[in-house]
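Working notes, structure below.
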Amino acid sequence: MDKQYQAKDIEEKVYQSWKEGGLFNPDNLSEGKKGSFSIATPPPNVTGALHMGHALNFTIQDTLIRWKRMQGFKTLLLPGTDHAGIATQNVVEKKLKKEGQTRFDLGRDKFIEKVWEWKKEYGGMILKQIESLGVSCDWSRTRFTMDDNYTEAVHQSFLHYYNKGLVYRGKRAVNWCPRCQTSLSDLELEYKEEKGKLWFIKYKLKNKNEYIKVATTRPETMLGDTAVAVNPKDKRYKKLVGETIILPIVNREIPIVADEFVDLEFGTGAVKVTPAHDMGDYQISQRHKLEVMQVIDENGRMNNVPSTYQGLKAKEAREKVVAELDSLGVLEKVVDYTHQVPKCYRCNTTIEVIPSWQWFVKMDKLAKLSIAAVEKKKIVFTAKRWEKGYFAWLENIQDWCISRQIWWGHRLPVWFCQTKKEAHFVSLKAPKKCSICGQCQPKQSEDVFDTWFSSALWPFATLGWPKKTKDLKQFYPTDMIITARDIINLWVVRMIFSSLELLKQVPFKKIVIHATIMAKDGRRMSKSLGTGINPMDLIERYGADATRFGLSWQVTELQDIRFGEENMMAGKKFCNKIWNASRFVMQQLGNEKFDLATKPKPVTKEDKKILSALAKTIKKVNNNMAKFYFGAAIQEIYHFFWHQFCDLYIEEAKNQIREAKSAENTKKILIYVLATSLKILHPCMPFITEEIYQSLPLKKKKSLIIEKWPE
RNA sequence: GGGCAUUUGGCGCAGGGGUUAGCGCAUUCGCUUCACAUGCGAAAGGCCAGAGGUUCGAAUCCUCUAAUGCCCACCA
């Protein structure tokens with residue numbers, strides 16, 4: 001054995017042996033008394049490579065699943081990837097752009113072919129990286145959200161919602177990304193602070209020489225105003241409610257309405273209402289039956305406006321509108337104003353609100369189901385503090401816009417009649433004839449589902465739903481979901497209500513939200529900030545065990561981890577320590593084979609001390625693991641192994657072995673403590689422990705994967 | 001605007017109503033035939049963010065303040 005531990009030589013070989021052993025597959029595990037334990041791993045997008053967040057997430061999941069497996073559970077850690085609609089489409093579009101093409105040059109079918117090619121090439125990359133981290137997923141059950149049978153699940157769930165009246169199609173104001181050319185849900189927006197201006201405009205009352213002043217950050221939208229709103233409690237405007245206004249520039253007549261939504265304190269207390277291009281205004285318009293007048297089109301250009309503005313980009317129109325208002329003498333003042341501007345979470349383009357035909361999931365019933373499940377503790381957040389946000393979001397929820405106008409994704413199984421406009425029906429297979437007019441050749445909807453609509457089915461669709469499979473029976477509901485906080489609403493909540501509605505069961509019993517890794521300066525780790533660190537580099541330089549050690553070391557209940565590479569360095573040193581302590585022990589033992597089943601008896605004071613310290617350590621590790629305090633668990637073992645076992649006992653053992661009467665018993669204790677330490681280290685540091693364990697002179701020996709966890 | 005967190009030696013973090021507040025890394029000094037220099041032994045380094053309160057006693061509980069981070073929100 002080499003004096004130094006060489007992670008690289010060992011990891012690939014050991015992982016290969018695990019794969020050949022097939023023990024990541026629960027079908028090959030014996031049916032113990034403990035039953036099954038399953039986790040569906042959060043599927044990474046096929047767009048990318050493993051980042052630190054993934055590395056931590058998978059380390060935690062694997063540590064837990066290995067611990068459970070050793071305890072005798074029939075464990076399943078199910079891997080897979082997400083097609084990630086917009087994200088992947090954008091990546092492929094970017095690639096095309098380099099070749100001087102757009103997706104429109106190719107057309108829908110050819111483009112989708114390109115995306116599949118891309119997926120084939122890069123989609124599996126991230127799974128390989130997860131392997132190199134040592135994660136014990138059952139690769140035979142790997143799933144992709146656009147597998148044929150997964151698509152069936154997506155269709156079935158839509159059909160279910162449709163039949164139950166839980167989805168509807170409507171023309172409503174939605175968030176629209178002018179670059180991606182698609183609608184987005186509220187959760188897919190990211191707000192960024194921008195310096196803008198607040199324009200104060202005077203609107204003249206009809207037949208009176210009076211004005212009402214409004215404040216706006218987007219004067220160009222005034223062309224689409226259909227009302228001015230004031231708060232009903234506002235004394236200043238009480239007598240103006242019901243009056244009519246002549247909208248400047250277009251000289252249209254619009255009413256003044258009273259609505260609670262208006263804040264008395266802000267601006268002038270009077271709001272111009274542009275239902276087509278503002279979510280809040282849209283809701284006012286619904287309450288007061290106001291006209292929705294679209295003046296900005298899908299490309300972010302002015303439309304349906306006086307010819308001087310027609311076709312201008314919104315921003316260009318803004319300057320012109322302001323200039324014209326000024327020349328009309330109705331621009332009162334302009335002040336600097338900083339506000340939050342919504343951006344597309346995939347391409348960072350400023351979002352426009354525009355009215356369009358979309359599909360929505362009705363959320364009131366589903367939200368209630370989700371709230372009840374957590375209130376009744378059918379699902380438990382292991383850190384209670386996340387509940388508050390969960391409830392808050394569900395209590396104020398809007399209907400979920402699930403249709404997207406992109407090409408990559410599950411196409412809606414909706415068919416439009418060609419004779420009767422807007423008439424449509426749902427059919428999972430291409431219909432032979434139109435079930436509305438019975439004559440035409442119906443056309444399938446161009447829309448695809450929101451990518452989160454399909455990921456919402458992940459824990460059960462991966463197990464075979466809607467078919468009643470053996471896997472579903474055995475592994476569903478899953479035991480827990482382990483993920484980062486940023487997708488609680490985006491993903492976790494949606495899995496919960498999907499499962500409650502479609503399967504009448506919870507999708508998992510526990511929600512474990514783990515820390516987020518930040519850069520050392522406390523900022524988010526991201527490529528664009530240049531603060532990202534590639535976990536594959538860490539594995540390359542320190543080895544997978546050391547990387548896992550370094551990550552786990554810092555896992556506490558805390559929400560943030562400021563990443564320090566020193567922890568991986570410490571992990572590497574620790575590997576070396578384990579390696580050399582094991583070398584020493586084996587040098588002492590010779591060829592005799594030991595039986596671990598019988599605990600050695602302590603003879604000397606030191607024997608007693610190390611055995612009781614080991615027992616204590618096991619207890620503490622169990623407690624910490626059960627509470628998901630992985631950092632505390634690994635620190636306990638680290639301390640025990642390095643300082644109590646190596647520094648004290650091994651040193652003493654050298655003396656004890658020199659004396660004939662204590663030599664034999666000391667050797668028994670040495671190998672017992674070493675082997676047991678390897679077992680409790682295995683969930684966190686699987687490679688090195690397995691490698692060493694297999695070379696120990698033991699009578700009965702299995703892979704550490706399924707060795708019995710010490711009690 | 002609301003919510004959730006964080007603030008402990010140079011850096012990254014544990015801990016937690018009561019004799020000397022811990023760990024990793026870094027630092028200083030001394031050790032190399034006999035598992036490991038990715039090592040061993042020793043040492044230095046902190047008025048536990050600030051203010052007030054509860055208590056016999058607080059770094060630990062409570063209140064407020066300040067910085068920082070994250071999430072949520074239809075203030076135009």
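Throughout, a chain's letter reflects where its sequence line sits, starting with A, and its residues are numbered from 1.
In this pair, A:Tyr638 and A:Phe549 present their aromatic rings tilted. The plane angle is within the 30 to 60° band. Using cut-offs of 30° and 60° for the angle between ring planes, the A:Tyr649 and A:Phe645 rings count as parallel. Between A:His51 and A:His54, the ring-plane angle classifies as parallel under the 30° and 60° cut-offs.
We find that CH2 of A:Trp386 is positioned 11 Å from P of B:rC72, with the value rounded to whole Å. Between the CG atom of A:Asn396 and the P atom of B:rG3 there is a distance of 14 Å, rounded to whole Å. Atom NE2 of A:His514 and atom C1' of B:rA5 are 16 Å apart (whole Å). Atom CG of A:Asn489 is separated from atom P of B:rC70 by 17 Å (rounded to the nearest Å). Straight-line distance from the CG atom of A:Asp234 to the C1' atom of B:rC75: 14 Å, rounded to whole Å. Rounded to an integer number of Å, the gap from A:Phe381 CZ to B:rA5 P is 14 Å. In this structure, CZ of A:Phe266 is placed 13 Å from P of B:rG1, rounded to the nearest angstrom. A:Trp553 has its CH2 atom 17 Å from the P atom of B:rG12, to the nearest Å.
B:rC61 sits 10 Å from B:rU55 when the C1' atoms are compared, rounded to a whole Å. On the C1' atoms, B:rG69 is 29 Å away from B:rA76, given to the nearest whole Å. Nucleotides B:rA21 and B:rG45 have their C1' atoms positioned 13 Å apart, rounded to a whole Å. Annotation: B:rA58 and B:rG50 have their P atoms spaced 15 Å apart (nearest Å). Rounded to whole Å, the C1' atom of B:rC34 lies 31 Å from the corresponding atom of B:rA26. Remark: the separation of the P atoms in B:rU65 and B:rU27 is 43 Å, to the nearest Å. Annotation: B:rU28 and B:rC36 have their C1' atoms spaced 23 Å apart (nearest Å). A distance of about 16 Å separates the C1' atoms of B:rA59 and B:rU19, rounded to the whole Å.
Toward the 5′ end of RNA chain B lies the nearest nucleotide of A:Ala570, the other residue of the pair A:Gly280 and A:Ala570 mapping further downstream. When each of A:Leu264 and A:His639 is assigned the nucleotide of RNA chain B bearing its nearest heavy atom, the one mapping closer to the 5' terminus is A:His639.
Salt bridge A:Lys667/A:Glu592: absent, no basic N to carboxylate O contact under 4.0 Å. Between A:Glu606 and A:Lys609 there is no salt bridge, since none of the side-chain N atoms of the basic residue sits less than 4.0 Å from a carboxylate O of the acidic one.
Residue A:Val585 is out of contact with every strand shown, counting any heavy-atom pair closer than 4.0 Å. Looking at heavy-atom distances under 4.0 Å, A:Trp579 makes no contact with the nucleic acid at all. Counting non-hydrogen atoms under 4.0 angstrom, A:Tyr542 reaches nothing in the nucleic acid. When heavy atoms are screened at a 4.0 angstrom cut-off, A:His277 is found touching no nucleic acid atom at all.
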Query raised in the report: Going through the distances and angles, do A:Asp225 and A:Ile245 end up as a side-chain contact (heavy atoms from CB on, under 4.5 Å)?
Result: CA-CA 11 Å; A:Asp225 282 2; A:Ile245 282 167; over 6 Å; no
What are the atom names and distances for every N/O pair under 3.5 Å that joins the protein to nucleotides 35-38 of chain B?
unit_1: B:rA35; atom_1: O2'; unit_2: A:Asn580; atom_2: OD1; d: 3.1
unit_1: B:rA35; atom_1: O2'; unit_2: A:Arg583; atom_2: NH1; d: 3.0
unit_1: B:rA35; atom_1: N7; unit_2: A:Lys654; atom_2: NZ; d: 3.4
unit_1: B:rA35; atom_1: N6; unit_2: A:Glu651; atom_2: OE2; d: 3.2
unit_1: B:rA35; atom_1: N3; unit_2: A:Asn580; atom_2: O; d: 3.1
unit_1: B:rA35; atom_1: N3; unit_2: A:Ala581; atom_2: N; d: 3.3
unit_1: B:rC36; atom_1: OP1; unit_2: A:Lys3; atom_2: NZ; d: 3.4
unit_1: B:rC36; atom_1: O4'; unit_2: A:Asn580; atom_2: OD1; d: 3.1
unit_1: B:rC36; atom_1: O4'; unit_2: A:Asn580; atom_2: ND2; d: 3.4
unit_1: B:rC36; atom_1: O2'; unit_2: A:Asn576; atom_2: ND2; d: 3.2
unit_1: B:rC36; atom_1: O2'; unit_2: A:Asn580; atom_2: ND2; d: 3.4
unit_1: B:rC36; atom_1: O2; unit_2: A:Lys577; atom_2: NZ; d: 2.9
unit_1: B:rC36; atom_1: N3; unit_2: A:Lys577; atom_2: NZ; d: 2.9
unit_1: B:rU38; atom_1: O2'; unit_2: A:Asn576; atom_2: ND2; d: 3.4
unit_1: B:rU38; atom_1: O2; unit_2: A:Lys572; atom_2: O; d: 3.4

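The phosphate of B:rC72 (OP1 or OP2) has no side-chain N or O of A:Tyr390 nearer than 4.0 angstrom. Between A:His339 and the phosphate of B:rG1, there is no side-chain N or O to OP1/OP2 separation shorter than 4.0 Å. One finds no side-chain N or O of A:Lys272 lying less than 4.0 angstrom from the OP1 or OP2 phosphate oxygen of B:rA76.
Stacking of A:Lys388 on the aromatic ring of A:Phe381 is not recorded, the 6.0 Å distance cut-off and the 45° axial limit not both being met.
Looking at A:Gln635 and A:Asn624, their side chains never bring a donor and an acceptor atom within 3.5 Å of each other.
Few gaps surround NZ on A:Lys343; more than 12 heavy atoms of other groups in view lie less than 6.0 Å from it.
A:Trp579 places a side-chain heavy atom less than 4.5 Å from the side chain of A:Ile10. For the pair A:Leu490 and A:Ser455, the minimum side-chain heavy-atom distance is 4.5 Å or more.
The nucleotide whose nearest atom lies closest to any side-chain atom of A:His643 is, among B:rG24, B:rC70, B:rC4, B:rG24. Side-chain atoms of A:Thr216 lie closest to B:rA76 of the nucleotides B:rA76, B:rA5, B:rA73.
In RNA chain B, the stems built from three or more successive Watson-Crick or G-U pairs (distances below 3.5 Å) are B:1-7 with B:66-72, B:10-13 with B:22-25, B:27-31 with B:39-43, B:49-53 with B:61-65.
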